[in-house]
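Have a look at the structure below before the remarks.
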Amino acid sequence: MEKNFVCKGDICYSKDARTLETCKDGYLVCENGVCAGVFTKLPEKYSAFALLDVTGKLILPGFIDLHVHAPQYDYRGLGMDLELLEWLDIHTFPEEAKYADPLYAKGKYAQFVSEMRKSPNTRGCIFATVHRQSTEILMNLLEESGLIAMVGKVNMDRNSPDSLREKSAEVSALDTIQWIAQISGKYTRVTPILTPRFLPSCSDELMKRLAEIQRQYRLPVQSHLSENPAEIAWVRELSPESRNYGDAYDRFGLFGGKECPTIMAHCVWSDEEEIVQMKERGVFIAHCPESNTNLASGIAPAKRYLEEGISMGLGSDVAGGTRCSLFFAMAEAIRVSKLRWRLVDATWAPLTVPEVFYLATMGGGAFFGKVGTFLPGYEMDAFVLDDSRYHRPEEYRIEERLERAIYLSEDRDVLHKFVGGRQIF
Ligand code: GUN
Ligand code: FE
């Protein structure tokens, strides 16, 4: 379908973090790949646009997975009785080492991309592995799929097995520069993001080199922050001069600010100072509730972050999480926020349906620009959901149908998907 089209159905999108807008039998108009608006009656000037009539189906903005590991897709659901550091050693690192083989990578990455393509997610910020060639294979597959993604070749030069660890900071930095050169100008929908795995796996020398690369190529950055108590204690040992975990990134200039758009996954245990710093620097938090439960990391104070106006989206964190579809993360975010409110801190009420929907769409979408809703001027990311498998849609309000979709829908219910103004199925 061309970049001018109209989609007719039951439309739902966020106006802000607390407000859902709905339109029954509405017209969603895409002009030059960008949303022109939602109308109850189609304005005459759009009457010549191609019409996709999905009357009775839900039309929702695409979801943005702000944190996911593509090479971990294959072993989802394994080692869920372990905590983070043991899980990395036993499952993650040995599996990621296999991506040194481009043929292995091609097969496994094809499965991940196929799954993501079918899901309601339209964009993602994706960790690959340290391997330059395999990372490029992942980027090729994503570009072919029509999805939009930021992809990172992972950097790690310490505290990991020989089979995976890069030989030195110098090797890691040079490989990263070569990777950037190799993919420069190659893609229209896939872009690089600098990806120091986490503080424990990056030496000071490597962090310095990555900061130079970040400034030279003006790349965004993604990493992990304050996920698990044992990890945080380890960072304190490795970086005793830092005031907190975030400061250990900040010392190298890799912690947000206008020139360094940054996503930090988890932020379960961030202290007051770290929270203030994330807010001041505009650091995006990728809230990954399923992963935080599976790896017994804890419950991030997502409601507080939202109330304080900190930039935030949702992450599947596959394979800490098991499901790519952010519907699953939305349900998990609500569930764990209820447990936190009941068991930990009654100050912050549980997350609501409009709030988690906002996080999965506009919240994460903001990292990509004007993305994640159907307000005029936003890039057109959308999907059509058939919710008739589990109820009679006409018996429910659109808000209720959205809530039920969060808990009940499956990828097979996604009938059509639009990414950056283009229909991919
Ligand atoms: N911290 C460092 N690496 C990882 C990873 O692969 N997954 C998660 N959840 N946390 C990490
Ligand atoms: Fe992660």
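Start at 1 and go down the list; that is how both ligands and their atoms are numbered.
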Polar contacts were defined as any N/O atom of the residue lying under 3.5 Å from an N/O atom of the ligand; does this apply to Glu96 and ligand 1?
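No; the residue has no nitrogen or oxygen that sits under 3.5 Å from a nitrogen or oxygen of the ligand.
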* Asked: Just by distance, with hydrogens left out, do Asn294 and Glu290 show a side-chain donor and acceptor under 3.5 Å apart?
  ->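 Looking only at side-chain atoms, Glu290 and Asn294 do form a donor-acceptor pair, the distance falling under 3.5 Å.
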Q.
For Glu231, state whether at least one heavy atom is located under 4.0 Å from any atom of ligand 1.
A.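 It does not, in that no heavy atom of Glu231 comes within the 4.0 Å cut-off of ligand 1.
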>> Heavy-atom contact check, 4.0 Å cutoff: does Trp87 meet ligand 1?
In response: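 Yes; Trp87 lies near enough to ligand 1 that a heavy-atom distance drops under 4.0 Å.
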Exam field: side chain Ser172 to backbone Ser168, donor-acceptor pair closer than 3.5 Å:
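The answer is no, because no donor-acceptor pair under 3.5 Å joins these two groups.
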* To do: Look only at the side chain of Gln222 and the backbone of His67, and say whether a donor-acceptor pair between them is shorter than 3.5 Å.
  =>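 Absent.
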Tell me, please, whether Tyr396 has Arg404 positioned over its six-membered ring: NZ or CZ under 6.0 Å from the ring centre and within 45 degrees of its axis?
->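 Arg404 over Tyr396 ring: yes.
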By atom name, which N, O or S atom belonging to [X] lies closest to the Fe ion (ligand 2)?
| X | answer |
| --- | --- |
| Asp317 | OD1 |
| His224 | NE2 |
| His67 | NE2 |

Give the C-alpha distance, both sets of side-chain angles, the deciding distance and a yes or no for salt bridge (Lys or Arg N to Asp or Glu O under 4.0 Å) between Glu355 and Lys303.
CA-CA 9 Å; Glu355 286 169 342; Lys303 180 74 164 203; 2.9 Å; yes
Atoms of ligand 1, numbered as shown, that sit under 4.0 Å from any heavy atom of [X]:
| X | answer |
| --- | --- |
| His266 | 9 (N) |
| Glu227 | 1 (N), 8 (C), 9 (N), 10 (N), 11 (C) |
| Phe198 | 1 (N), 2 (C) |

TODO: Give a yes or no on whether a salt bridge exists between Glu272 and Arg304, defined as a side-chain N under 4.0 angstrom from a carboxylate O.
DONE: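 Between Arg304 and Glu272 there is a salt bridge, with a charged N closer than 4.0 Å to a carboxylate O.
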### Task
Using the six-membered ring wherever Trp is involved, compare the ring planes of Phe127 and His69 and label them parallel, tilted or perpendicular (cut-offs 30° and 60°).
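Because their plane-to-plane angle lies in the 30° to 60° range, the rings of Phe127 and His69 count as tilted.
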Item checked: Nearest neighbour of atom 5 (C) of ligand 1 from the list Thr92, Asn294, Leu88, on a heavy-atom basis ->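 Ranked by closest heavy atom to atom 5 (C) of ligand 1, first place is Leu88.
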**Q.** Aromatic centroids of Phe357 and Tyr13 separated by under 6.0 Å
**A.**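 Tyr13 vs Phe357: aromatic centres not under 6.0 Å.
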Item to complete: Note the single closest protein heavy atom to atom 3 (N) of ligand 1, along with its residue, its atom name and the distance in Å.
Response: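 Among all protein heavy atoms, the one nearest atom 3 (N) of ligand 1 is Arg197 NE, 2.8 Å.
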ask   = In the protein, which heavy atom is nearest to atom 9 (N) of ligand 1, and how far is it?
value =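 Heavy-atom neighbour on the protein nearest atom 9 (N) of ligand 1: Asp317 OD2, 2.7 Å.
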Checklist entry - Is Cys288 close enough to the Fe ion (ligand 2) to have an N, O or S atom under 2.8 Å? => result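 Not a single backbone or side-chain N, O or S atom of Cys288 is under 2.8 Å from the Fe ion (ligand 2).
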### Task
Inspect the surroundings of NZ in Lys15 and state if more than 12 heavy atoms from other residues, nucleotides or ligands are less than 6.0 Å away.
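No - once you tally the heavy atoms of other residues, nucleotides and ligands closer than 6.0 Å, there are 12 at most.
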